[in-house]
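Inspection log for the structure reproduced underneath, given as structure tokens.
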There are 2 protein chains.
Amino acid sequence: MSDADDAFIRQSFDLIDGLDGLSDPLDVQKTIFDLVARCGFSYFAITRLPQPSDRLGPNLLLSVWPEGWLTHYDRVGHYRYDPVVRHCFRTTEPFSWNEAPLDPDTAPQARRVMEEAREHGMGAGYCVPIHDAHGFQGGISLAGERVEMTPRVRRAVHLLGLYAWSAAARTTSRRRKPGGRLLSARERDVLSCAAQGRTQEETADFLGVSVETVSTYLRNARTKIGTRNTTHTVIEALRLREITL
Amino acid sequence: MSDADDAFIRQSFDLIDGLDGLSDPLDVQKTIFDLVARCGFSYFAITRLPQPSDRLGPNLLLSVWPEGWLTHYDRVGHYRYDPVVRHCFRTTEPFSWNEAPLDPDTAPQARRVMEEAREHGMGAGYCVPIHDAHGFQGGISLAGERVEMTPRVRRAVHLLGLYAWSAAARTTSRRRKPGGRLLSARERDVLSCAAQGRTQEETADFLGVSVETVSTYLRNARTKIGTRNTTHTVIEALRLREITL
DNA sequence: GTCACCCTCCCGGTTTTCCGGGATACCGCG
DNA sequence: CGCGGTATCCCGGAAAACCGGGAGGGTGAC
């Protein structure tokens, strides 16, 4: 309720207002970092996540992160056990790192991740998970020696995280191009049809090609994604965002 | 940037701060409505959504809605064609009702929904979709004759919507009993297996039943959900949250 | 001007799923 | 005590999907 809070909130909104206009990811990074620093954090990272990957590096969008931490994190394979990452899959609410529960079966590894983070100057952190219509997409994490934010500042950070993430995803247009896609346009077409329950014949009709063509597309999609049948392929394509509902 | 905006934002944050303490849904409803009215809206609704339901009524959490609109909406079956609802499935970003795209195949029905809403005093609206780790969960819609909000107010409303929704969901403990589910446990099992690419035979092995049983489950699930084949059923079951990935 | 895709079509044979009948048994509700 | 729902199993024929080939034409890249 303090004036400091109000000032921070106003600045957050100012920043959010300004994000739309930015096109250089470094501008985004700098302005976000300024704000992040104002609430006591030393580091932050905005990252796309799940993806067929067990490393964080290739998925990082923007970050100001301790020297050597990322490479270490990836080399050791922390991604798989990081309780913060895991918790992101389950919740849409922002949370403090220490609130992330430890899975009983990977608790030792998880503790090690947190321990090593502490040694790198990140004794505490705050994470805003980002979900879209298909589930967990990524997140923004703030880190420092300690976290001390009023509930009100947390909420401002929550909102900031949502918009910062989309600005980061937009400006670092890593992928997104059809070149980055796995499937061809036609392959996506037939999978969309399949998802709607069409048979190959109906799909062929709908797309104005022969059944054999449709069959070929489905087969190619199967081998490309490495799936076992059409149902499996549709589900995976959905997860990979090759198609939408 | 105006003082009015700042005042609104401050009040939004005050309200959000206060939501945690409320346990009576009517208190939540009243305070939200006060705030909603301040940015020019006459109505609002907070609703849980997809669910095995083609009616909105049973899923409404809190609302201040025009007389007779809801019953009409449900009687006519608008839920299935409402472009605002449909758009909620695809996006996590708040949007104005007029930004919701019309699906080409249901455009006439969709236009009718919007037309009738207008006749009920809701010529414009603003919707904040709510998603959780499993996808679209519900939303909060504000409505009135016109929408005129500055970008900054929209963002405050966005944040407000997120917290109002969880407060509404928490206080109206309208729990969906497992009895409310459409499919039986076994039917869900076989669909999960199918989603992972298993054939009926493999599924039978996995579940320790005969292939015929698996086949029967799939068939029953098909007829229950009203789908055309396994792929279609899996997709729909996913949408209805009967199964998860 | 190859090379690599993509789009399109075709074939024959095999596997899988779908369809629409069954059947038995258990359980809870009224 | 039926009635409805679930869980389990069975059958035979029809339809659809899958498999592994082949093959021609287009386009863009190196």
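What you see is a predicted model, and the numbers here were worked out from it, not measured in a lab. Chain letters run A, B, ... following the sequence lines, proteins first, then strands; residues in each count from 1.
Contacts between residues 195-211 of chain B and DNA chain D, defined by a heavy-atom separation under 4.0 Å, are made by B:Val209, B:Ser210. Taking a 4.0 Å limit (strictly below) on heavy-atom distances, residues 223-230 of chain A reaches DNA chain D at A:Asn229, A:Thr230.
Checked against salt bridge (charged side-chain N to carboxylate O under 4.0 Å, His left out), A:Glu116 has the following partners two or more places apart in sequence or in another chain: A:Arg112. Every residue two or more places apart in sequence or in another chain that forms a side chain to side chain donor-acceptor pair (under 3.5 Å) with A:Ser184 is listed here: A:Glu187. Qualifying salt bridge (charged side-chain N to carboxylate O under 4.0 Å, His left out) partners for A:Arg222, counting only residues two or more places apart in sequence or in other chains: none. Remark: B:Asp27 engages no residue in a salt bridge (charged side-chain N to carboxylate O under 4.0 Å, His left out) (not counting sequence neighbours). With sequence neighbours excluded, the residues that form a side chain to side chain donor-acceptor pair (under 3.5 Å) with B:Tyr163 are A:His158. In this view, B:Asp82 and B:Tyr73 satisfy the side chain to side chain donor-acceptor pair (under 3.5 Å) rule, not counting sequence neighbours. For B:Arg111, there are no salt bridge (charged side-chain N to carboxylate O under 4.0 Å, His left out) partners two or more places apart in sequence or in a different chain.
Between A:Leu182 atom CG and C:dC5 atom C1' the separation is 13 Å, expressed in whole Å. Atom CG in B:Leu183 sits roughly 9 Å away from atom P in D:dT6 (whole-Å rounding). The distance between atom CD of A:Glu212 and atom P of C:dC7, rounded to the nearest whole Å, is 17 Å. At whole-Å resolution of the value, CD in B:Glu187 and P in D:dT8 are 11 Å apart. Taking atom CG on B:Leu218 and atom C1' on D:dC9, their separation rounds to 15 Å, with Å as the unit. Between A:Arg222 atom CZ and D:dG20 atom C1' there is a gap of 11 Å when expressed in whole angstrom units. Taking atom CG on B:Asn220 and atom P on D:dG5, their separation rounds to 11 Å, with Å as the unit. The distance from atom NE2 of B:His232 to atom P of C:dC18 is 13 Å, rounded to the nearest whole Å.
Remark on the helix from C:dG1-D:dC30 to C:dG30-D:dC1: inter-end axis angle 50°, axes from five-pair C1' superpositions, rounded to 10°.
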Restricting to nitrogen or oxygen on both sides, can you table the protein-nucleotides 21-29 of chain D pairs closer than 3.5 Å?
from: D:dG21; atom 1: O6; to: A:Arg219; atom 2: NH2; distance (Å): 3.3

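Listed by first and then second residue, the salt bridge (charged side-chain N to carboxylate O under 4.0 Å, His left out) pairs that reach into residues 201-221 of chain B are A:Arg228-B:Glu202, sequence neighbours excluded.
In this structure, A:Phe95 and A:His87 have perpendicular ring planes: the angle between them is above 60°, well past the 30° mark.
Not one N or O on the side chain of A:Thr91 forms a donor-acceptor pair closer than 3.5 Å with the backbone of A:Cys88. Counting only distance, with no hydrogens or angles, the side chain of A:Gln29 and the backbone of A:Ser63 share a donor-acceptor pair below 3.5 Å.
Under the 6.0 Å distance and 45° angle rule, A:Arg86 does not count as a cation-pi partner of A:Tyr81.
The OG1 atom of B:Thr203 lies 10.0 Å from the CG atom of B:Asp189; values are rounded to the nearest 0.5 Å.
A close approach under 4.0 Å does occur between a side-chain nitrogen or oxygen of A:Thr213 and OP1 or OP2 of C:dC9. Regarding contacts with the backbone of C:dC6, every side-chain N or O of A:Arg186 stays at 4.0 angstrom or more from both OP1 and OP2.
For the residue pair A:Ser210 and A:Thr213, a side-chain donor N or O sits within less than 3.5 Å of a side-chain acceptor on the partner.
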